[in-house]
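FYI, side chains are in, hydrogens and waters are out, and symmetry mates aren't considered; it's all heavy atoms of this structure. Every chain is numbered from 1, with letters handed out A, B, ... down the list of sequences.
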Amino acid sequence: MAKEKKVAGAGSRPEARLPKGFRDIGAAELAQTRAMLDTIRGVYESYGFEQLETPAIEYTDALGKFLPDQDRPNEGVFSFTDDDGQWLSLRYDLTAPLARYVAENFQTLPKPFRRYATGTVYRNEKPGPGRFRQFTQFDADTVGTDNLAADAEICMLAADTLEALGIKRGDYVIKVNNRKVLDGVIEAIGLVGQENAGRRLTVLRAIDKLDKFGPEDVRLLLGDGRKDESGDFTKGAGLSPNQVATLMEFIERASESAALMRSAARSGDIFNNDVDQGYFVLREGGSFYQSQLCIDGHQELETIRGLLRGAGYGMNQIIIDYSVVRGLEYYTGPVFEAELTFEVKDEKGNPVRFGSVGGGGRYDGLVERFLGQKVPATGFSIGVSRLQAALNVLNAADASAPLGPVVVLVMDKGELPRYQRMAQELRRAGIRAEMYLGTSGMKAQMKYADKRGAPCVIIQGSDERDKGEVQLKDLIEGAKAAAAIADNKEWKESRPAQVSIKETDLVAGVREILARHGVTS
RNA sequence: GCCGCCUUAGCUCAGUUGGUUAGAGCGCUAGAUUGUGGAUCUAGAGGUCCCCUGUUCAAGCCAGGGAGGCGGUACCA
């Protein structure tokens with residue numbers, strides 16, 4: 001019969017469930033996020049960036065995500081049409097809205113315009129481990145200058161931010177490259193002209209996989225293709241053996257060079273100029289030095305490197321790494337990637353690498369889309385959620401829930417005003433407090449207080465009331481004391497961590513308990 | 001998008017060659033204890049065995065299709 005009732009209503013009832021790739025976030029994580037955002041904000045503001053907030057929704061064409069030849073937004077973004085039939089989209093990053101803002105307010109903004117922004121962004125794509133369809137980014141950008149000092153500062157900012165968040169020097173690295181270098185290398189193997197645009201992208205994608213797959217798989221991706229462990233085949237760039245060999249030489253030298261830098265950094269040799277300058281492939285006389293693009297890119301990197309080292313940032317913080325790719329059709333010059341380098345084991349003992357927690361670079365074309373006039377810009381974006389997940393693994397102990405409010409138990413339903421008054425008294429003293437608002441008995445109220453993480457409860461039944469007293473029970477100390485008591489009678493009679501005080505001393509008594517647990521309000 | 005694996009209670013999972021009323025541990029609720037969160041004991045609630053169609057006297061189990069989840073891969077500002 002009970003069954004029939006269920007079945008009867010089931011079809012029309014909605015299922016309580018979250019859309020794939022979205023998640024609910026509880027008090028403990030939110031408190032942690034807030035602290036992180038405050039820290040990042042402090043660093044960004046110290047560099048002189050000012051805050052800007054733009055809406056979560058923009059016109060789709062302003063975000064620049066239309067499929068070629070189709071009057072329809074790109075996959076990957078959440079889009080819908082407005083009343084007037086215009087396409088709107090949820091922002092998928094904070095840079096495209098910045099470009100729109102700068103273009104719209106170009107006349108009045110100070111140039112260079114330096115702003116930071118944080119907010120939720122949305123991507124309509126398949127979620128993966130640690131990848132969601134809604135997440136928080138924290139960006140800083142300098143718009144309106146091609147001065148490479150702006151790029152150097154972005155790198156410093158990234159390093160300072162990670163350190164402010166408690167990531168030790170050596171547990172992270174900011175990698176810098178220049179898209180002109182890779183473009184030059186690709187040009188050097190003859191992939192020039194419009195007809196090779198697709199191949200150039202495939203090559204860049206292959207190089208981008210170096211960290212993930214290693215050199216052998218990159219070689220396959222540059223050639224015919226690669227089969228993954230599920231048996232799926234990825235078509236390669238189809239380069240000739242010669243072209244592959246040339247690219248692989250570059251890639252392997254580049255990672256060798258980066259490895260040398262890291263090992264120098266580990267041994268404390270953080271300003272060793274020979275190592276720092278990178279491998280000979282890009283120095284004068286090296287095999288790629290004929291390409292003008294390579295030369296330009298290399299010289300820009302040298303300028304940035306000079307600024308960084310001059311400011312005291314060594315190879316233990318920021319290095320040049322020629323294998324960094326980042327956004328494919330987006331960046332036009334220097335690119336940056338913030339990578340966490342420490343390794344941790346998951347619960348099964350497998351090593352987990354977090355990899356990139358932020359990135360950015362110089363994008364000289366974004367504002368130009370609107371204005372038709374070159375407005376060079378450079379910036380950096382932190383993936384807050386991903387970084388937070390990494391930090392949680394780094395300090396695994398720090399996942400504890402925040403303390404809840406002090407709970408005033410309702411022992412006598414006829415005395416609600418009295419209990420309410422106690423809660424108010426605590427609130428006025430700056431102590432988070434609540435009167436129990438349910439209707440259950442004392443045992444249930446104790447369980448409730450326990451679940452809320454209350455540091456203590458206030459108990460006043462008729463006995464205490466008659467004497468003008470209240471009982472304060474320290475739930476944290478009480479839980480510790482309980483562990484030593486096996487007998488229920490003793491547990492009840494000893495009333496661990498419970499004291500009786502004058503009702504007039506309520507605030508002082510609670511403060512004493514809070515202070516015991518490190519709360520000073 | 002493509003490939004592989006998976007789906008039984010709130011959670012983690014058993015479930016025989018297809019055979020009566022589908023189980024365990026944990027969790028939850030209540031009692032033992034008229035005013036004390038823990039421990040112990042007892043009792044209770046909780047199920048569309050992912051969905052649909054088929055095979056069969058009989059399907060959690062077999063077949064086909066679908067959905068959802070996980071992992072890999074592709075795309076990724």
Return yes if the base of B:C75 and the side-chain atoms of A:Arg123 contain a donor-acceptor N/O pair under 3.5 Å, otherwise no.
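Answer is no: no donor-acceptor pair is held.
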
Do A:Gln445 and B:U36 share a donor-acceptor pair, side chain to base, under 3.5 Å?
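Flag unset: no donor-acceptor pair detected.
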
Pairing partner of [N] (Watson-Crick or G-U wobble, both distances under 3.5 Å):
{"N": "B:A39", "value": "none"}
{"N": "B:G44", "value": "B:C28"}
{"N": "B:C49", "value": "none"}
{"N": "B:U34", "value": "none"}
{"N": "B:G68", "value": "B:C6"}
{"N": "B:A77", "value": "none"}
{"N": "B:C13", "value": "B:G23"}
{"N": "B:C62", "value": "B:G54"}

Check: A:Phe22 ring centroid to A:Phe132 ring centroid under 6.0 Å
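No - the distance between ring centres of A:Phe22 and A:Phe132 does not fall below the 6.0 Å cut-off.
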
For the rings on A:Phe138 and A:Tyr116, is their centre-to-centre separation under 6.0 Å?
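Distance test on ring centres: under 6.0 Å, yes.
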
Answer with base, sugar-phosphate or nothing: what part of the nucleic acid does [X] contact at a heavy-atom distance below 4.0 Å?
{"X": "A:Lys492", "answer": "base"}
{"X": "A:Glu493", "answer": "nothing"}
{"X": "A:Asn488", "answer": "base"}
{"X": "A:Arg452", "answer": "nothing"}
{"X": "A:Phe213", "answer": "sugar-phosphate"}
{"X": "A:Ser440", "answer": "nothing"}
{"X": "A:Lys212", "answer": "sugar-phosphate"}
{"X": "A:Ala449", "answer": "nothing"}
{"X": "A:Lys126", "answer": "base"}
{"X": "A:Lys209", "answer": "sugar-phosphate"}
{"X": "A:Gly478", "answer": "base"}
{"X": "A:Ala486", "answer": "base"}

Using the [atom1] atoms only, state how far [M] lies from [N], rounded to an integer number of Å.
{"N": "B:C70", "M": "B:G27", "atom1": "P", "value": "27 Å"}
{"N": "B:G64", "M": "B:A77", "atom1": "C1'", "value": "42 Å"}
{"N": "B:U12", "M": "B:C50", "atom1": "P", "value": "14 Å"}
{"N": "B:G10", "M": "B:U29", "atom1": "P", "value": "15 Å"}
{"N": "B:C11", "M": "B:G47", "atom1": "P", "value": "13 Å"}
{"N": "B:A59", "M": "B:U8", "atom1": "C1'", "value": "14 Å"}
{"N": "B:U33", "M": "B:U42", "atom1": "P", "value": "16 Å"}
{"N": "B:C62", "M": "B:G68", "atom1": "C1'", "value": "22 Å"}

For the pair A:Arg516 and A:Glu477, find out whether any cationic side-chain nitrogen is under 4.0 Å from an anionic carboxylate oxygen.
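Salt bridge flag = no for A:Glu477 with A:Arg516.
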
Does the side chain of [X] pick up a donor-acceptor pair with the side chain of [Y] at under 3.5 Å?
{"X": "A:Arg115", "Y": "A:Gln51", "value": "no"}
{"X": "A:Glu368", "Y": "A:Gln373", "value": "no"}
{"X": "A:Ser500", "Y": "A:Glu469", "value": "yes"}

With a 4.5 Å limit on heavy-atom distance, are the side chains of A:Arg123 and A:Arg91 in contact?
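Not in contact.
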
What nucleotide, of B:A74, B:A77, B:U36, holds the atom closest to the side chain of A:Thr234?
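The closest nucleotide is B:A74.
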
In terms of side-chain heavy atoms of A:Arg226, which of B:U73, B:G35, B:U29 is nearest?
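So the side chain of A:Arg226 is nearest to B:U73.
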
What is the separation between atom [atom1] on [X] and atom [atom2] on [N], rounded to the nearest whole Å?
{"X": "A:Ile459", "N": "B:G37", "atom1": "CD1", "atom2": "P", "value": "10 Å"}
{"X": "A:Lys447", "N": "B:C28", "atom1": "NZ", "atom2": "C1'", "value": "8 Å"}
{"X": "A:Arg133", "N": "B:C76", "atom1": "CZ", "atom2": "C1'", "value": "14 Å"}

Could you tell me the separation between the OH atom of A:Tyr419 and the CG atom of A:Asp412, rounded to the nearest 0.5 Å?
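If I round to the nearest 0.5 Å, the distance is 5.0 Å.
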
Hey, is the side chain of A:Trp491 poking within less than 4.0 Å of OP1 or OP2 on B:G37, counting only N and O atoms?
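Yes.
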
If we require ring centres under 5.5 Å and near-parallel planes under 30°, does A:Tyr92 stack on B:A77?
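Stacking is present between B:A77 and A:Tyr92, given that their ring centres fall under 5.5 Å apart and the planes under 30°.
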
